[in-house]
Amino acid sequence: MRLSRAFLPTLKETPAEATIASHRLMLRAGLVRQTSAGIYAWLPLGWRVLQKIEQIVREEQDRAGAQEILMPTIQSAELWRQSGRYDAYGPEMLRLKDRHEREMLFGPTNEEMVTDIFRGFAKSYRDLPRNLYHIQWKFRDEVRPRFGVMRGREFLMKDAYSFDVTKEGAQHSYRQMFLAYLRTFARMGLKAVPMRADTGPIGGNLSHEFIILAETGESQVFVSQDLLDMDALADAPDYGADLAPAVDAWTSHYAATEEMHDPVAWEQVPEARRVSARGIEVGHIFYFGTKYSASMGLSVQGSDGKPVVPEMGSYGIGVSRLVGATIEANHDEAGIKWPDAVAPFKAVVINLKQGDSGCDALSERMYAAIPEALYDDRTERAGPKFADADLMGHPWQVVVGPRGAANGVVELKRRATGEKMEVSPEDALKKILG
RNA sequence: CGGAGCGUAGCGCAGUCUGGUAGCGCAUCAGUCUGGGGGACUGGGGGUCGUGGGUUCGAAUCCCGCCGCUCCGACCA
């Protein structure tokens with residue numbers, strides 16, 4: 001994409017409403033534009049990141065055996081009355097009426113709907129297990145939206161729902177998602193820590209939160225360094241095998257949020273290995289048994305001919321929140337430092353002298369050779385180009401200036417480290433594409 | 001939901017206390033010069049002062065209602 005024609009509006013000054021780093025940078029780098037309290041429009045740069053994250057989530061869900069569907073944002077109140085949650089959910093649920101005065105709602109989550117869909121098809125224990133997920137916009141009418149997309153009212157979420165015949169089967173489904181989540185966040189360049197969680201209003205009795213560490217996180221967390229040293233991508237799980245050992249390896253180390261913190265157990269962790277930090281919740285998984293299947297009349301015929309009420313779990317990832325969380329974990333004073341996997345552009349080619357034949361030719365050549373490159377072909381001076389490149393946070397900056405063009409070299413800058421090197425165009429491409 | 005604050009040009013703000021017909025920086029447009037970290041000069045354009053009402057000869061400014069947004073706390077994917 002050529003910057004001279006792109007809709008990538010950056011701001012020199014920070015809009016007054018933004019107080020935390022990710023919100024400030026998302027507005028300044030032109031990722032989003034706020035349209036109401038807690039509601040955002042996604043501009044090209046932000047939308048690209050959102051799609052990158054979504055795609056990683058999708059690939060890891062599919063790999064773990066979940067199947068993608070797409071359920072609507074608007075739901076009928078009738079469905080929620082069946083589970084008893086229509087009255088229980090409270091003012092966080094946005095309720096509306098259609099022209100026939102039928103009560104509707106903008107879905108804050110989809111347990112009822114997916115159970116309704118599933119019960120329409122599943123008749124036999126042979127139809128289980130299944131895990132269905134979708135990536136869809138949710139609305140929760142937060143009392144106080146804040147921190148930009150990190151606590152918005154409308155947000156993009158991946159939510160998966162598993163159906164199993166037995167508790168053991170449900171545990172297996174839970175573990176599949178547990179491991180899939182670790183891989184998902186690791187691929188995004190984030191260090192996510194699973195922590196035992198309170199089950200909250202969704203119910204059930206087995207739950208973990210996935211929290212990434214960032215200085216500006218909203219909750220206090222306590223975690224053993226041993227857990228932080230583990231590599232989620234070390235070996236790909238065999239999702240069909242017994243996953244208990246793999247999950248146990250992760251849950252055997254101490255990790256807790258402030259609410260679940262156990263000072264006595266914490267004392268058992270060697271002092272040098274204790275890490276006390278701030279965290280941002282980016283995922284949450286639950287096993288909740290037959291809470292919805294029972295209340296909504298989902299049952300299948302078992303191998304003995306008798307009805308079985310499926311065991312369920314639900315698994316959420318805050319996709320839009322991850323954009324903010326990634327920035328919280330990867331930025332400096334000048335701007336964003338995108339991890340390669342989610343960067344909106346792989347590299348920016350900065351032409352320092354637009355109109356100079358040498359610079360133009362070399363820049364065009366670099367631009368053509370790099371897939372997903374942004375080309376800063378504006379007739380700006382060097383200052384604004386460098387500033388915007390740092391602000392937008394492209395992993396690589398390919399700087400083409402008159403001197404370099406004459407000598408056949410470019411300057412390559414790695415945004416994450418600040419490292420700069422003068423290299424031949426070929427070596428630059430090798431590093432970027434390699 | 002308790003407490004506090006803010007709405008004036010695209011963004012950041014001054015002007016409001018003490019009423020007299022709207023200003024600064026950045027951005028933007030035209031031109032000239034410049035050309036490796038948000039450059040300089042010259043000349044332009046752009047504002048229902050959130051909104052409705054009231055007071056007044058006269059309201060961005062005073063009074064009342066409403067709307068929107070933000071911050072702190074409680075709550076929460």
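What's counted below: heavy atoms across the whole structure, side chains too, no hydrogens, waters or symmetry copies. Given the structure is predicted, the values throughout are model-derived calculations rather than measurements. In what follows, chains are A, B, ... by sequence order, proteins preceding strands, each numbered from 1.
Place A/K413 and A/G38 on RNA chain B by their nearest nucleotides, and A/K413 ends up nearer the 5' end. If you find the closest nucleotide of RNA chain B to A/K353 and to A/R153, the one lying nearer the 5' end belongs to A/K353.
For A/F222 and A/H261, the distance between ring centers is under 6.0 angstrom. Aromatic rings of A/F286 and A/H284 (six-membered ring for Trp) have centroids within the 6.0 Å cut-off, being under it.
Distance CZ (A/F155) to C1' (B/C76): 10 Å, rounded to an integer number of Å. Taking atom CE of A/M150 as the reference point, atom C1' of B/U70 lies 17 Å away to the nearest angstrom. At whole-Å resolution of the value, CG in A/D388 and P in B/G38 are 12 Å apart. Remark: P of B/A74 and CZ of A/R146 are 9 Å apart, rounded to the nearest angstrom. We find that CZ of A/R28 is positioned 13 Å from P of B/A27, with the value rounded to whole Å. One interatomic measurement links the two molecules: CZ of A/R378 to C1' of B/G38, which rounds to 10 Å at whole-angstrom precision.
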Please list, pair by pair, any protein nitrogen or oxygen found under 3.5 Å from a nitrogen or oxygen in nucleotides 9-16 of chain B.
residue : atom : partner : partner atom : Å
B/C11   : O2   : A/E13   : OE1          : 3.3
B/G12   : OP1  : A/A16   : N            : 2.7

Just the table, please: protein N/O against nucleotides 43-49 of chain B N/O, every pair under 3.5 Å.
none

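In this structure, B/G2 forms a base pair with B/C72, meeting either the Watson-Crick or the G-U wobble geometry with both donor-acceptor distances under 3.5 Å. Pair check for B/G37 finds none; no Watson-Crick or G-U wobble contact set falls under 3.5 Å.
At the heavy-atom level, A/T379 lies under 4.0 Å from base atoms of the strands shown. Counting non-hydrogen atoms under 4.0 angstrom, A/G316 reaches nothing in the nucleic acid. Contacts of A/A387 with the nucleic acid, taken as non-hydrogen atoms under 4.0 Å apart, include base atoms. Residue-level contact check: A/Q34 touches the backbone only, with heavy atoms under 4.0 Å from sugar-phosphate atoms and none from bases. Looking at heavy-atom distances under 4.0 Å, A/K158 makes no contact with the nucleic acid at all. If you check every strand for non-hydrogen atoms under 4.0 Å, A/G355 touches nothing. At the heavy-atom level, A/D390 lies under 4.0 Å from base atoms of the strands shown.
With a 6.0 Å cutoff to the six-membered ring centre and a 45° limit on the axis angle, A/R5 does not count as a cation-pi contact of A/Y375. Both cation-pi conditions hold for A/R414 and A/W396: the charged atom is under 6.0 angstrom from the six-membered ring centre and inside a 45 degree cone around its axis. A/F345 carries A/R48 over the face of its six-membered ring, with the cationic atom under 6.0 Å from the centre and within 45° of the normal.
For A/Q354, no side-chain nitrogen or oxygen approaches OP1 or OP2 of B/G35 to under 4.0 Å. OP1 or OP2 of B/C72 lies within a sub-4.0 Å distance of a side-chain N or O belonging to A/R144. Using a 4.0 Å cut-off, some side-chain N or O of A/K12 falls inside it from OP1 or OP2 of B/A27.
A donor-acceptor contact under 3.5 Å is formed by the side chain of A/R381 with the base of B/U34.
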Pair up each side-chain donor or acceptor in residues 65-73 of chain A with any protein partner under 3.5 Å, not counting sequence neighbours, and list the distances.
residue : atom : partner : partner atom : Å
A/E68   : OE1  : A/R58   : NE           : 2.7
A/E68   : OE2  : A/R58   : NE           : 3.3
A/E68   : OE2  : A/R58   : NH2          : 3.1

